[in-house]
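Written below as structure tokens is the structure these notes are about.
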Amino acid sequence: TDNSEFRPALFAKDGTLPYPEWSAIPDGFFLVGDATRPEPAFQKAMIDAVDKVAQVAEADENGNIIGVPIAQFGVINYPGVGLCGNHTKATYVSTTEVYPDSPNSSPEICNASQVACVVGGLDYVLAQQASK
């Protein structure tokens, strides 16, 4: 996971110590949107679809997921480049996040949540196109 593999490797590479906002791995699925162009209705459609098949991550006691304030249930919008959605000019972008080793998850649940998210997102986009 991020805390056991990615962040320690990043800190070792950069020669820095973990920052104080070190956060627990979220227990459940969440989306990361591009803070410069969020699509809240699109993200809500995806989270609603996932919520039917898997646990959606709750915000921590500070209202954050991975140290970032939630934009809505199960969604954070991350500033700056570095996540998948930031590398395209597409209208609808989000990065999906789910950890198979969190307490209420498994590889099967992760797969089901990813499928539900894609279907929910496609259904939303198709409905938007049909209404034009």
message: Under the rule for side chain to side chain contact (heavy atoms under 4.5 Å, CB included), what residues qualify as partners of Asn64, not counting sequence neighbours?
response: Asp60, Asn62, Pro69
- prompt: Partners of Glu61 by side chain to side chain contact (heavy atoms under 4.5 Å, CB included), sequence neighbours excluded?
  reply: none
task: Just do the side-chain contact (heavy atoms from CB on, under 4.5 Å) check on Leu122 and Tyr124 with the steps written out, would you?
output: CA-CA 5 Å; Leu122 288 173; Tyr124 175 84; over 6 Å; no
Output a table of donor-acceptor pairs, distance under 3.5 Å, between side-chain atoms of residues 113-120 and any protein atom two or more places apart or on a different chain; print 'none' if there are none.
| from | atom 1 | to | atom 2 | distance (Å) |
| --- | --- | --- | --- | --- |
| Ser113 | OG | Ile109 | O | 3.3 |
| Ser113 | OG | Cys110 | O | 2.8 |
| Gln114 | OE1 | Thr96 | OG1 | 2.8 |
| Gln114 | NE2 | Thr96 | OG1 | 3.2 |

message: If you compare all heavy atoms of Glu39 against all heavy atoms of Thr91, which two are closest, and at what distance to 0.1 Å?
response: CG-O, 3.4 Å
CD1-CD distance between Ile65 and Glu97, expressed to the nearest 0.5 angstrom: 10.5 Å
field: Gap between atom OG1 of Thr36 and atom OH of Tyr78 - 0.5 Å precision
entry: 13.5 Å
message: Is there a side-chain contact (heavy atoms from CB on, under 4.5 Å) between Thr95 and Leu31? Walk through the geometry before answering.
response: CA-CA 6 Å; Thr95 300; Leu31 291 172; over 6 Å; no
query: Side chains of Ile70 and Phe30: closer than 4.5 Å at any heavy-atom pair?
result: no
Side-chain donor-acceptor distances from residues 41-59 under 3.5 Å, at least two apart:
| from | atom 1 | to | atom 2 | distance (Å) |
| --- | --- | --- | --- | --- |
| Gln43 | NE2 | Ser94 | OG | 2.9 |
| Lys44 | NZ | Asp48 | OD1 | 3.4 |
| Lys44 | NZ | Asp48 | OD2 | 2.7 |
| Gln55 | OE1 | Asn104 | ND2 | 3.3 |
| Gln55 | NE2 | Asp27 | O | 2.7 |

- prompt: Who pairs with Gln129 by side-chain hydrogen bond (donor to acceptor under 3.5 Å, both in side chains), at least two apart in sequence or on another chain?
  reply: none
task: Report yes or no: does Arg37 contribute a side-chain atom to a donor-acceptor pair with the main-chain N or O of Tyr92 at less than 3.5 Å?
output: no
